[in-house]
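The structure presented is a predicted model; accordingly, all values stated were derived computationally and were not measured. Chain letters run A, B, ... following the sequence lines, proteins first, then strands; residues in each count from 1.
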There are 2 protein chains.
Amino acid sequence: MSANKTLRRPLRKDGLTIGEIAGRTGLAVSAIRYYESEGLITPWRNDSGQRRFERADIRRLSFIMIAQGLGASIAEIRAQLVRLPKGRTPTAGDWRRLSEHYRADLDRRIAQLEKLRNDLDGCIGCGCLSLERCSLYNPGDRAGGNGPGPRYLLGDSPGRD
Amino acid sequence: MSANKTLRRPLRKDGLTIGEIAGRTGLAVSAIRYYESEGLITPWRNDSGQRRFERADIRRLSFIMIAQGLGASIAEIRAQLVRLPKGRTPTAGDWRRLSEHYRADLDRRIAQLEKLRNDLDGCIGCGCLSLERCSLYNPGDRAGGNGPGPRYLLGDSPGRD
DNA sequence: CCTTGCCCTAAAGCAAGGTTGAGGCCCGAG
DNA sequence: CTCGGGCCTCAACCTTGCTTTAGGGCAAGG
(Lines give C-alpha, C1' and ligand atoms only; values in the text may rest on other atoms or scores of the structure.)
Protein backbone atom coordinates (compact mmCIF):
# COMPACT_ATOMS: atom_id res chain seq x y z
CA MET A 1 0.00 0.00 0.00
CA SER A 2 1.36 3.38 -0.96
CA ALA A 3 -0.73 4.97 1.81
CA ASN A 4 1.88 4.13 4.38
CA LYS A 5 4.27 6.72 3.04
CA THR A 6 2.99 8.90 5.97
CA LEU A 7 1.04 11.31 3.81
CA ARG A 8 2.39 14.53 5.36
CA ARG A 9 0.92 13.91 8.82
CA PRO A 10 2.14 10.65 10.16
CA LEU A 11 -0.93 10.07 12.35
CA ARG A 12 1.08 7.21 13.73
CA LYS A 13 -1.08 4.50 15.08
CA ASP A 14 1.17 4.32 18.12
CA GLY A 15 0.34 7.83 19.29
CA LEU A 16 2.27 10.97 20.02
CA THR A 17 5.29 11.18 22.28
CA ILE A 18 5.42 13.55 25.20
CA GLY A 19 7.84 15.72 23.29
CA GLU A 20 5.47 16.01 20.39
CA ILE A 21 2.62 16.91 22.71
CA ALA A 22 4.80 19.49 24.40
CA GLY A 23 5.67 20.97 21.05
CA ARG A 24 2.06 21.20 20.00
CA THR A 25 0.70 22.63 23.21
CA GLY A 26 3.60 24.82 24.20
CA LEU A 27 3.70 23.15 27.58
CA ALA A 28 6.92 21.96 29.13
CA VAL A 29 7.46 18.23 29.17
CA SER A 30 7.76 18.41 32.93
CA ALA A 31 4.41 20.12 33.18
CA ILE A 32 2.76 17.39 31.16
CA ARG A 33 4.24 14.73 33.38
CA TYR A 34 3.03 16.69 36.35
CA TYR A 35 -0.49 16.82 34.96
CA GLU A 36 -0.41 13.10 34.56
CA SER A 37 0.72 12.71 38.14
CA GLU A 38 -2.25 14.83 39.12
CA GLY A 39 -4.59 12.68 37.11
CA LEU A 40 -5.54 15.28 34.55
CA ILE A 41 -4.39 13.15 31.65
CA THR A 42 -3.86 9.42 31.36
CA PRO A 43 -1.58 8.55 28.49
CA TRP A 44 -0.86 4.89 27.84
CA ARG A 45 2.56 3.41 27.68
CA ASN A 46 4.28 1.69 24.81
CA ASP A 47 6.32 -1.48 25.17
CA SER A 48 9.34 0.34 26.48
CA GLY A 49 7.37 2.31 29.03
CA GLN A 50 7.22 5.60 27.21
CA ARG A 51 4.09 7.71 27.34
CA ARG A 52 1.97 7.81 24.25
CA PHE A 53 -0.76 10.36 23.72
CA GLU A 54 -3.77 10.60 21.53
CA ARG A 55 -4.58 13.65 19.54
CA ALA A 56 -7.54 14.25 21.81
CA ASP A 57 -5.08 14.83 24.63
CA ILE A 58 -3.98 18.00 22.93
CA ARG A 59 -7.47 19.28 23.32
CA ARG A 60 -7.55 18.12 26.87
CA LEU A 61 -4.36 19.97 27.64
CA SER A 62 -5.68 23.00 25.85
CA PHE A 63 -8.66 22.92 28.11
CA ILE A 64 -6.38 22.70 31.11
CA MET A 65 -4.42 25.71 29.97
CA ILE A 66 -7.50 27.74 29.36
CA ALA A 67 -9.06 26.81 32.65
CA GLN A 68 -5.87 27.74 34.43
CA GLY A 69 -5.89 31.03 32.64
CA LEU A 70 -9.34 31.49 34.09
CA GLY A 71 -7.99 30.84 37.54
CA ALA A 72 -8.97 27.26 38.13
CA SER A 73 -6.78 25.10 40.33
CA ILE A 74 -5.64 21.65 39.33
CA ALA A 75 -8.23 20.14 41.64
CA GLU A 76 -10.95 22.21 40.12
CA ILE A 77 -9.92 21.28 36.61
CA ARG A 78 -9.80 17.63 37.55
CA ALA A 79 -13.32 17.94 38.87
CA GLN A 80 -14.43 19.31 35.52
CA LEU A 81 -12.55 16.77 33.46
CA VAL A 82 -14.19 13.79 35.12
CA ARG A 83 -17.38 15.03 33.54
CA LEU A 84 -16.03 14.00 30.17
CA PRO A 85 -17.14 10.62 28.88
CA LYS A 86 -14.87 7.71 29.69
CA GLY A 87 -14.29 5.20 26.95
CA ARG A 88 -14.80 7.45 23.99
CA THR A 89 -13.16 10.52 22.58
CA PRO A 90 -14.98 13.63 23.75
CA THR A 91 -17.00 15.42 21.13
CA ALA A 92 -17.28 19.12 20.56
CA GLY A 93 -20.51 18.98 22.52
CA ASP A 94 -18.76 17.41 25.48
CA TRP A 95 -16.24 20.21 25.54
CA ARG A 96 -18.94 22.77 25.16
CA ARG A 97 -20.63 21.44 28.26
CA LEU A 98 -17.48 21.95 30.29
CA SER A 99 -16.87 25.35 28.85
CA GLU A 100 -20.26 26.48 30.06
CA HIS A 101 -19.04 26.08 33.57
CA TYR A 102 -16.31 28.60 32.95
CA ARG A 103 -18.58 30.83 31.01
CA ALA A 104 -20.77 31.18 34.08
CA ASP A 105 -17.73 31.64 36.24
CA LEU A 106 -16.53 34.37 34.00
CA ASP A 107 -19.85 36.13 34.20
CA ARG A 108 -19.73 36.07 37.97
CA ARG A 109 -16.18 37.25 37.99
CA ILE A 110 -16.87 40.15 35.72
CA ALA A 111 -19.80 41.24 37.82
CA GLN A 112 -17.66 41.00 40.89
CA LEU A 113 -14.91 43.07 39.38
CA GLU A 114 -17.38 45.71 38.41
CA LYS A 115 -18.59 45.86 41.95
CA LEU A 116 -15.02 46.08 43.09
CA ARG A 117 -14.41 48.96 40.76
CA ASN A 118 -17.36 50.82 42.18
CA ASP A 119 -16.15 50.16 45.67
CA LEU A 120 -12.72 51.33 44.73
CA ASP A 121 -14.11 54.55 43.39
CA GLY A 122 -16.16 55.05 46.49
CA CYS A 123 -13.78 53.87 49.11
CA ILE A 124 -10.13 54.22 48.34
CA GLY A 125 -11.02 56.86 45.87
CA CYS A 126 -12.35 59.08 48.60
CA GLY A 127 -9.30 58.44 50.71
CA CYS A 128 -11.28 57.09 53.60
CA LEU A 129 -9.74 53.66 53.65
CA SER A 130 -11.09 53.33 57.09
CA LEU A 131 -11.74 49.68 56.90
CA GLU A 132 -14.38 49.56 59.57
CA ARG A 133 -16.99 50.00 56.91
CA CYS A 134 -15.14 49.30 53.72
CA SER A 135 -16.54 46.60 51.53
CA LEU A 136 -13.29 46.15 49.70
CA TYR A 137 -11.86 43.83 52.27
CA ASN A 138 -14.37 41.14 51.56
CA PRO A 139 -15.12 41.41 47.90
CA GLY A 140 -17.56 38.57 47.70
CA ASP A 141 -15.68 35.36 48.09
CA ARG A 142 -12.57 36.30 49.98
CA ALA A 143 -12.10 34.00 52.92
CA GLY A 144 -10.58 36.70 55.06
CA GLY A 145 -8.00 34.70 56.90
CA ASN A 146 -9.73 31.57 58.10
CA GLY A 147 -7.13 29.02 57.28
CA PRO A 148 -3.71 29.16 55.72
CA GLY A 149 -2.81 28.88 52.10
CA PRO A 150 -2.74 31.32 49.29
CA ARG A 151 -5.99 33.08 48.70
CA TYR A 152 -6.00 35.15 45.63
CA LEU A 153 -8.77 36.71 43.76
CA LEU A 154 -7.08 38.07 40.76
CA GLY A 155 -3.53 38.02 39.65
CA ASP A 156 -1.14 39.40 37.19
CA SER A 157 2.28 38.36 36.08
CA PRO A 158 4.59 39.28 38.91
CA GLY A 159 7.63 41.29 38.06
CA ARG A 160 6.96 41.86 34.39
CA ASP A 161 7.30 45.21 32.72
CA MET B 1 -5.65 68.91 82.42
CA SER B 2 -8.61 66.58 82.39
CA ALA B 3 -7.98 65.85 78.73
CA ASN B 4 -5.37 63.27 79.57
CA LYS B 5 -7.92 60.86 81.00
CA THR B 6 -7.50 59.07 77.67
CA LEU B 7 -10.82 60.28 76.35
CA ARG B 8 -12.00 56.90 75.14
CA ARG B 9 -9.20 56.47 72.60
CA PRO B 10 -5.81 56.43 74.26
CA LEU B 11 -4.00 57.83 71.19
CA ARG B 12 -0.87 57.03 73.09
CA LYS B 13 1.99 59.15 72.07
CA ASP B 14 4.19 56.09 71.94
CA GLY B 15 2.20 54.51 69.13
CA LEU B 16 0.22 51.35 68.66
CA THR B 17 1.52 47.89 69.38
CA ILE B 18 1.52 45.21 66.75
CA GLY B 19 -1.34 43.51 68.53
CA GLU B 20 -3.44 46.64 68.40
CA ILE B 21 -2.70 47.05 64.72
CA ALA B 22 -3.61 43.44 64.14
CA GLY B 23 -6.86 43.93 65.99
CA ARG B 24 -7.76 46.99 63.98
CA THR B 25 -6.86 45.63 60.58
CA GLY B 26 -7.91 42.03 61.06
CA LEU B 27 -4.48 40.90 59.94
CA ALA B 28 -2.51 38.29 61.83
CA VAL B 29 0.40 39.56 63.85
CA SER B 30 2.64 37.27 61.86
CA ALA B 31 1.41 38.78 58.62
CA ILE B 32 2.22 42.26 59.82
CA ARG B 33 5.72 41.22 60.77
CA TYR B 34 6.05 39.63 57.40
CA TYR B 35 5.02 42.84 55.67
CA GLU B 36 7.65 44.65 57.61
CA SER B 37 10.24 42.10 56.54
CA GLU B 38 9.13 42.77 52.99
CA GLY B 39 9.51 46.48 53.42
CA LEU B 40 5.85 47.36 53.07
CA ILE B 41 5.71 49.04 56.45
CA THR B 42 8.44 50.46 58.65
CA PRO B 43 7.35 50.72 62.26
CA TRP B 44 9.82 52.15 64.73
CA ARG B 45 10.93 50.41 67.87
CA ASN B 46 10.52 51.45 71.46
CA ASP B 47 13.24 51.15 74.07
CA SER B 48 12.69 47.48 74.60
CA GLY B 49 12.71 46.70 70.91
CA GLN B 50 9.00 46.33 70.39
CA ARG B 51 7.41 47.60 67.22
CA ARG B 52 5.33 50.72 67.44
CA PHE B 53 2.98 51.85 64.71
CA GLU B 54 1.36 55.07 63.78
CA ARG B 55 -2.30 55.36 63.00
CA ALA B 56 -1.38 56.01 59.39
CA ASP B 57 -0.02 52.49 59.23
CA ILE B 58 -3.54 51.18 59.56
CA ARG B 59 -4.36 52.90 56.34
CA ARG B 60 -1.21 51.60 54.79
CA LEU B 61 -2.11 48.07 55.75
CA SER B 62 -5.62 48.60 54.49
CA PHE B 63 -4.18 49.59 51.18
CA ILE B 64 -2.08 46.46 51.15
CA MET B 65 -5.09 44.30 51.81
CA ILE B 66 -7.13 45.94 49.13
CA ALA B 67 -4.36 45.75 46.59
CA GLN B 68 -3.89 42.10 47.37
CA GLY B 69 -7.57 41.57 46.88
CA LEU B 70 -7.08 43.11 43.49
CA GLY B 71 -4.38 40.60 42.71
CA ALA B 72 -1.23 42.58 43.33
CA SER B 73 1.86 40.80 44.56
CA ILE B 74 3.93 42.04 47.46
CA ALA B 75 6.51 43.36 45.03
CA GLU B 76 3.89 45.20 43.08
CA ILE B 77 2.43 46.75 46.20
CA ARG B 78 5.83 47.79 47.37
CA ALA B 79 6.37 49.50 44.05
CA GLN B 80 3.17 51.44 44.58
CA LEU B 81 3.86 52.32 48.17
CA VAL B 82 7.18 53.96 47.40
CA ARG B 83 5.16 56.54 45.55
CA LEU B 84 3.85 57.81 48.85
CA PRO B 85 5.61 60.83 50.32
CA LYS B 86 8.41 60.09 52.71
CA GLY B 87 8.64 62.25 55.76
CA ARG B 88 5.02 63.15 56.12
CA THR B 89 1.81 61.31 56.70
CA PRO B 90 0.07 60.61 53.41
CA THR B 91 -3.02 62.60 52.72
CA ALA B 92 -6.25 61.37 51.21
CA GLY B 93 -5.03 62.77 47.93
CA ASP B 94 -1.88 60.69 48.13
CA TRP B 95 -3.91 57.58 48.61
CA ARG B 96 -6.24 58.53 45.85
CA ARG B 97 -3.30 58.76 43.48
CA LEU B 98 -2.29 55.21 44.27
CA SER B 99 -5.81 53.95 43.99
CA GLU B 100 -6.03 55.28 40.48
CA HIS B 101 -3.43 52.78 39.48
CA TYR B 102 -5.68 49.97 40.57
CA ARG B 103 -8.70 51.60 39.11
CA ALA B 104 -7.03 51.51 35.72
CA ASP B 105 -5.87 48.00 36.35
CA LEU B 106 -9.36 46.95 37.13
CA ASP B 107 -10.65 48.52 33.96
CA ARG B 108 -8.10 46.63 31.92
CA ARG B 109 -8.89 43.45 33.72
CA ILE B 110 -12.58 43.75 33.16
CA ALA B 111 -12.09 44.43 29.50
CA GLN B 112 -9.80 41.47 29.27
CA LEU B 113 -12.28 39.19 30.94
CA GLU B 114 -14.96 40.31 28.60
CA LYS B 115 -12.75 39.49 25.69
CA LEU B 116 -12.04 36.16 27.26
CA ARG B 117 -15.73 35.50 27.59
CA ASN B 118 -16.23 36.19 23.95
CA ASP B 119 -13.35 33.97 23.04
CA LEU B 120 -14.70 31.28 25.26
CA ASP B 121 -18.02 31.43 23.50
CA GLY B 122 -16.37 31.39 20.13
CA CYS B 123 -13.57 29.00 20.75
CA ILE B 124 -14.14 26.39 23.38
CA GLY B 125 -17.79 26.95 22.87
CA CYS B 126 -17.52 25.75 19.33
CA GLY B 127 -15.47 22.80 20.37
CA CYS B 128 -12.52 23.68 18.20
CA LEU B 129 -9.98 24.14 20.96
CA SER B 130 -7.41 23.75 18.32
CA LEU B 131 -4.92 26.05 19.87
CA GLU B 132 -3.09 26.90 16.70
CA ARG B 133 -5.37 29.86 16.31
CA CYS B 134 -7.07 30.15 19.64
CA SER B 135 -6.64 33.46 21.37
CA LEU B 136 -7.50 31.98 24.73
CA TYR B 137 -3.99 30.84 25.37
CA ASN B 138 -2.60 34.31 25.43
CA PRO B 139 -5.29 36.47 26.92
CA GLY B 140 -3.37 39.69 26.83
CA ASP B 141 -0.69 39.52 29.46
CA ARG B 142 -0.08 35.85 29.94
CA ALA B 143 3.61 35.13 29.71
CA GLY B 144 3.16 31.77 28.09
CA GLY B 145 5.92 29.88 29.77
CA ASN B 146 8.99 32.05 29.53
CA GLY B 147 10.43 31.63 32.96
CA PRO B 148 9.47 29.69 36.02
CA GLY B 149 7.20 30.70 38.80
CA PRO B 150 3.49 30.80 39.18
CA ARG B 151 1.71 32.78 36.57
CA TYR B 152 -1.91 33.32 37.28
CA LEU B 153 -4.38 35.61 35.77
CA LEU B 154 -7.37 35.15 37.92
CA GLY B 155 -7.99 33.06 40.90
CA ASP B 156 -10.67 31.88 43.19
CA SER B 157 -10.56 30.35 46.58
CA PRO B 158 -9.41 26.80 46.03
CA GLY B 159 -11.56 24.11 47.46
CA ARG B 160 -14.43 26.25 48.66
CA ASP B 161 -18.07 25.37 48.08
C1' DC C 1 7.26 40.00 93.68
C1' DC C 2 5.34 37.08 90.56
C1' DT C 3 2.51 35.66 87.08
C1' DT C 4 0.34 36.36 82.76
C1' DG C 5 0.20 38.07 78.43
C1' DC C 6 2.07 40.27 74.71
C1' DC C 7 6.29 40.95 72.31
C1' DC C 8 10.84 39.43 70.02
C1' DT C 9 13.85 36.58 66.52
C1' DA C 10 15.08 32.93 63.61
C1' DA C 11 14.03 29.03 61.32
C1' DA C 12 11.09 25.70 59.57
C1' DG C 13 6.77 24.41 57.37
C1' DC C 14 2.80 24.56 54.15
C1' DA C 15 0.33 24.71 49.68
C1' DA C 16 0.28 25.13 44.65
C1' DG C 17 2.31 24.26 40.50
C1' DG C 18 5.80 23.15 38.53
C1' DT C 19 11.25 22.84 37.33
C1' DT C 20 15.73 20.75 37.83
C1' DG C 21 18.98 17.22 38.51
C1' DA C 22 20.79 12.58 38.99
C1' DG C 23 21.06 8.20 37.23
C1' DG C 24 19.51 5.07 33.75
C1' DC C 25 17.01 2.89 29.43
C1' DC C 26 16.09 2.72 24.54
C1' DC C 27 16.25 3.94 19.73
C1' DG C 28 18.07 5.31 15.36
C1' DA C 29 22.05 7.14 12.67
C1' DG C 30 26.66 6.77 11.23
C1' DC D 1 29.35 -0.51 17.90
C1' DT D 2 28.92 3.79 19.58
C1' DC D 3 27.05 8.27 19.95
C1' DG D 4 23.32 11.52 20.68
C1' DG D 5 18.77 12.56 21.69
C1' DG D 6 14.62 11.66 23.85
C1' DC D 7 12.36 9.29 27.36
C1' DC D 8 11.97 7.31 32.21
C1' DT D 9 11.64 7.80 37.64
C1' DC D 10 12.45 9.86 41.93
C1' DA D 11 13.58 13.26 44.75
C1' DA D 12 14.88 17.77 45.74
C1' DC D 13 14.18 22.49 44.92
C1' DC D 14 11.72 26.98 43.70
C1' DT D 15 8.44 30.99 44.47
C1' DT D 16 4.74 33.42 47.02
C1' DG D 17 2.67 34.62 51.17
C1' DC D 18 2.26 33.68 55.10
C1' DT D 19 1.83 30.51 59.77
C1' DT D 20 3.91 27.79 63.27
C1' DT D 21 7.28 26.56 66.51
C1' DA D 22 11.06 27.08 69.62
C1' DG D 23 13.29 29.70 72.79
C1' DG D 24 13.43 34.00 75.26
C1' DG D 25 12.36 39.08 76.97
C1' DC D 26 9.70 42.58 79.14
C1' DA D 27 5.83 44.97 81.32
C1' DA D 28 1.61 45.63 83.76
C1' DG D 29 -1.64 44.03 87.29
C1' DG D 30 -2.75 41.67 91.66
Rounded to whole Å, the CG-P distance (B/Leu40 to D/dG17) equals 9 Å
Measure from the side-chain heavy atoms of A/Ile74 and tell me the nearest of C/dG17, D/dC18, C/dT19. C/dG17
Mind checking side chain to side chain donor-acceptor pair (under 3.5 Å) for B/Ser37 and listing every partner two or more places apart, or none if nothing turns up? none
Between D/dC18 (C1') and B/Arg78 (CZ): distance, integer Å: 15 Å
Any N/O pairs under 3.5 Å between the protein and nucleotides 1-3 of chain D? List them or say none.
none

State which of C/dG18, D/dC18, D/dG17 makes the closest approach to the side chain of B/Ser73. D/dG17
To the nearest Å, how far apart are A/Leu16 CG and D/dC7 C1'? 15 Å
Is the side chain of B/Ser48 donor-acceptor paired with the backbone N or O of B/Gln50 at a distance under 3.5 Å, no angle test? no
Looking at side-chain heavy atoms only, is the closest gap between B/Ile64 and B/Thr25 below 4.5 Å? no
Which whole-number value in Å describes the distance from B/Ile41 CD1 to D/dC18 C1'? 13 Å
Whole Å only: how far is the CD1 atom of A/Ile32 from the P atom of C/dT20? 15 Å
Residues A/Leu40, A/Tyr34; criterion side-chain contact (heavy atoms from CB on, under 4.5 Å); working and verdict: CA-CA 9 Å; A/Leu40 300 189; A/Tyr34 174 69; over 6 Å; no
Quick check: does any side chain N or O of A/Arg109 sit under 3.5 Å from a backbone N or O of A/Leu70, one acting as donor and the other as acceptor? yes
A/Tyr102: partners by ring-ring contact (aromatic ring centres under 6.0 Å, His included), with sequence neighbours left out: A/Phe63
Give a yes/no answer on whether the side chain of A/Tyr35 brings an N or O atom under 4.0 Å of OP1 or OP2 in C/dG18. yes
Below 4.0 Å: OP1/OP2 of D/dC7 and any side-chain N or O of A/Thr17: yes
Residues 82-92 of chain B vs salt bridge (Lys or Arg N to Asp or Glu O under 4.0 Å), sequence neighbours excluded, gives B/Arg88-B/Asp94
Which is true for A/Ala75 with a 4.0 Å heavy-atom rule: it touches a base, it touches only sugar-phosphate, or it touches nothing? nothing
Round to a whole Å and report the spacing from CZ of B/Phe53 to C1' of C/dC8. 12 Å
Spacing of B/Leu27 atom CG relative to D/dC18 atom P, expressed in whole Å: 8 Å
Check: protein-nucleotides 8-10 of chain D nitrogen or oxygen pairs below 3.5 Å:
from: D/dC8; atom 1: OP1; to: A/Arg51; atom 2: N; distance (Å): 2.7
from: D/dC8; atom 1: OP1; to: A/Arg51; atom 2: NH1; distance (Å): 2.8
from: D/dC8; atom 1: OP2; to: A/Arg33; atom 2: NE; distance (Å): 3.2
from: D/dC8; atom 1: OP2; to: A/Arg33; atom 2: NH2; distance (Å): 3.0
from: D/dC8; atom 1: OP2; to: A/Arg51; atom 2: NH1; distance (Å): 3.2
from: D/dC8; atom 1: O5'; to: A/Arg51; atom 2: NH1; distance (Å): 3.3
from: D/dC8; atom 1: O3'; to: A/Arg45; atom 2: NH1; distance (Å): 3.4
from: D/dT9; atom 1: OP1; to: A/Arg45; atom 2: NH1; distance (Å): 3.0
from: D/dT9; atom 1: OP1; to: A/Arg45; atom 2: NH2; distance (Å): 3.1
from: D/dT9; atom 1: OP2; to: A/Arg51; atom 2: NH1; distance (Å): 3.0
from: D/dT9; atom 1: OP2; to: A/Arg51; atom 2: NH2; distance (Å): 2.7

Between A/Arg60 and A/Asp57, does any side-chain N to carboxylate O distance fall below 4.0 Å? no
Among pairs that include at least one residue of residues 29-45 of chain A, which meet salt bridge (Lys or Arg N to Asp or Glu O under 4.0 Å), considering only residues two or more places apart or in two chains? A/Glu36-A/Arg45, A/Glu36-A/Arg51, A/Glu38-A/Arg78
Mind calculating the distance between CD1 (B/Ile77) and P (D/dT16) to the nearest angstrom? 13 Å
